[in-house]
> 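A single structure is presented below for examination.
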Amino acid sequence: MLIDWYVKQKISLPWRDLNPNLYRTWISEIMLQQSQVKTVIPYFNSWFKKFPDITSLANATIDEVLKSWEGLGYYRRAHYIHKASKLIIKKHNGKIPDTYVELIKVPGIGDYTASAILGIGHNLPFFAVDGNFIRVFSRVFKIKGSKSKLTKQIKKNLSQRAIIDFASFNQAVMDLGRTICRPIPACSLCPISIECLAHKHLQTDKYPQKSIKKNKPNYNVVVGIIYKKDNFIITQRKNEGLLGGLWELPGGKIKKGETRENALIREIREELNITIDIKKKLPEIRHEYSHFKVKIYPYICSYNGGKVALVGPVAWGWMNMNEVKTKSFPKATHKVFNLMDNVSL
DNA sequence: AATTCGGGGCA
DNA sequence: TGCCCAGAATT
């Protein structure tokens, strides 16, 4: 029933039907971590023009890898994928491991991705329990609990089933979760509604149990577009942490009781050890990250004096708007750049 | 077990 | 606007 439904409705996906190989499976699974299919498709397709195989990926610089990842988010994944490619070349002769024990050691590969590579890529008896699995089977089995508990329970319950084609089963559940067993489900279209306990008891809205979410703090940030002639200053973030390795405009949080202008002058002095003159205020930008929000106040400035000495950023440089496409920037910085089209000093 | 990691699709 | 996405690593 589920497999029949899957075969019938199965849609074409780039990692699904075009020369499937383990490199493609691996890249797709990393990109798809917390990113929707529709979002990933263009990134996946252009990825292989730059990095057609693991060797080309391992030989690339992290800046090139980040450029291909720009806009996809969770940039840690790009760092891991790059590290992993080097590890696979060195330790595994360029061949992606085919055991759970080895896969789980690869940077960026956790229980889900290891299971997906084995269960989908190798058609071995592994359940790739992702968000779709959790939603579908927390309803089918009518079970509650933490994500790790649900994962264990789902694997245990499913292990008693006679499944032949794990590759199809795993993808079938994901398709079902994505198209029918959505947060608000379309049970009338569901091929397995007859065996779904939550549906039977009219309680699909209670499963999976919603987690309590914290509200996001709001930060006020100033950034400077600091010109000297036609070029302005950009800085690079350290590889670890938020937006690791990306470039941005220098600036920082406004302190309590501080004016925006003073905050910007202070931040630029602290970060770059230079002095600036503030020339023009640009419209405020709002941006939302996974765990906080920011209001960004951009200012056109001019370089006044001082020799750059970095505290915080790991690199800096002068650039003009035409060179923006040569480096990777967070979405919020691109929003500021978009304001610049009609601005001249 | 909880937190930290982006950005966007979709109702 | 809120929810959630083919989660992993760290705390």
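Every chain is numbered from 1, with letters handed out A, B, ... down the list of sequences.
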> Grab the CG-P distance between L242(A) and dT4(B) for me, whole Å please.
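That distance rounds to 11 Å.
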> Are E284(A) and R286(A) ion-paired here, with the side-chain N under 4.0 Å from a carboxylate O?
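A salt bridge is present here (some side-chain N lies under 4.0 Å from a carboxylate O).
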> Is any side-chain nitrogen or oxygen of K216(A) closer than 4.0 Å to OP1 or OP2 of dG2(C)?
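It does not, given that no N or O in the side chain of K216(A) lies less than 4.0 Å from OP1 or OP2 of dG2(C).
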> May I ask you to evaluate whether K214(A) reaches the phosphate of dT3(B), defined as a side-chain N or O under 4.0 Å from OP1 or OP2?
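Yes.
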> Take the protein atom CD of E70(A) and the nucleotide atom P of dG6(B), then report the distance between them rounded to whole Å.
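About 13 Å, once rounded to whole Å.
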> Write down the distance separating the P atoms in dG6(B) and dT11(C), rounded off to the nearest Å.
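Approximately 16 Å lies between the P atom of dG6(B) and that of dT11(C).
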> Scan nucleotides 5-11 of chain C nucleotide by nucleotide, 5' to 3', and note B when protein non-hydrogen atoms come under 4.0 Å of the base, S if they reach only the sugar-phosphate, - if neither.
BBBBS--
> Should the ring pair F137(A) and F141(A) be called parallel, tilted or perpendicular, given that the plane angle runs from 0 to 90° and is split at 30 and 60?
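Answer is parallel, since the angle falls under 30°.
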> State plainly whether the residues D53(A) and R24(A) are in salt-bridge range, i.e. N to O under 4.0 Å.
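So D53(A) does not pair with R24(A) through a salt bridge.
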> Under 4.0 Å between a side-chain nitrogen and a carboxylate oxygen: does that hold for D175(A) and R16(A)?
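Counted as a salt bridge, because a side-chain N and a carboxylate O are separated by less than 4.0 Å.
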> Quick one: label I30(A) by what it contacts on the DNA or RNA (base, sugar-phosphate, nothing), any heavy atom closer than 4.0 Å.
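It contacts nothing in the nucleic acid.
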> Nearest whole Å is fine: how far is dG8(B) P from R77(A) CZ?
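To the nearest whole Å, that distance equals 12 Å.
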> Between E270(A) and R266(A), is there a side-chain N and carboxylate O pair less than 4.0 Å apart?
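Yes, E270(A) and R266(A) are salt-bridged.
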> How long is the line joining CH2 of W69(A) and P of dG7(B), in whole Å?
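It works out to 13 Å between those atoms.
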> Start at the 5' end of DNA chain B and walk down; is the nucleotide closest to P330(A) or to S146(A) reached first?
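Checking each residue's closest nucleotide, the 5'-ward one belongs to S146(A).
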> Atom CD1 of I212(A) and atom P of dC4(C): how far apart are they, to the nearest Å?
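After rounding, the gap between these two atoms is 13 Å.
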> Whether H287(A) contacts dG7(B) is assessed here as follows: a side-chain N or O lying under 4.0 Å from the phosphate OP1 or OP2. Is that the case?
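So the side chain of H287(A) is within the cut-off, an N or O lying under 4.0 Å from OP1 or OP2 of dG7(B).
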> If I take atom OH in residue Y219(A) and atom C1' in nucleotide dG6(B), what distance separates them, rounded to the nearest angstrom?
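Taking atom C1' of dG6(B) as the reference, OH of Y219(A) is at 16 Å.
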> Describe the nucleic acid contact of G241(A) in one word from base, sugar-phosphate, nothing, applying a heavy-atom distance below 4.0 Å.
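Sugar-phosphate: the residue G241(A), judged by heavy atoms under 4.0 Å, touches backbone atoms but no base.
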> Determine the interplanar angle of the F232(A) and F337(A) rings, folded into 0 to 90°, and report it as parallel if under 30°, tilted if 30 to 60°, perpendicular if over 60°.
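Tilted.
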> Taking atom C1' in both dG7(B) and dT10(C), compute the distance separating them and give it to the nearest angstrom.
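Approximately 22 Å lies between the C1' atom of dG7(B) and that of dT10(C).
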> Which whole number of Å gives the distance between the P atom of dT4(B) and that of dA6(C)?
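Here dT4(B) and dA6(C) have their P atoms 24 Å from each other.
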> How is the hydrophobic cluster of I254(A) composed, in terms of its other members, when Ile, Leu, Val, Met, Phe, Trp and Tyr link through side-chain heavy atoms under 4.5 Å apart, directly or indirectly?
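Its cluster mates, by chain and number, are V222(A), I226(A), I233(A), L264(A), I265(A), I268(A), L272(A), I274(A), I276(A), I278(A), Y297(A), Y299(A), Y303(A), V308(A), L310(A), W316(A), W318(A).
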> Apply ring-ring contact (aromatic ring centres under 6.0 Å, His included) to Y289(A) and list each qualifying residue two or more places apart in sequence or on a separate chain.
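With neighbours one apart ignored, the set is H287(A), F292(A).
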> Can you tell me how far P of dT1(C) sits from CG of N215(A), to the nearest Å?
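Checked: the CG to P distance equals 15 Å.
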> Rounded to whole Å, how long is the line connecting atom NZ of K210(A) with atom C1' of dG2(C)?
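Going from K210(A) (NZ) to dG2(C) (C1'), I get 11 Å.
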> When you check the phosphate oxygens OP1 and OP2 of dG7(B), does a side-chain N or O of Y75(A) lie under 4.0 Å from one of them?
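Y75(A) to dG7(B) OP1/OP2: side-chain N or O found under 4.0 Å.
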> Any side-chain N or O of H291(A) less than 4.0 Å from the OP1 or OP2 oxygen of dT4(B)?
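No, H291(A) has no side-chain N/O under 4.0 Å of OP1/OP2 on dT4(B).
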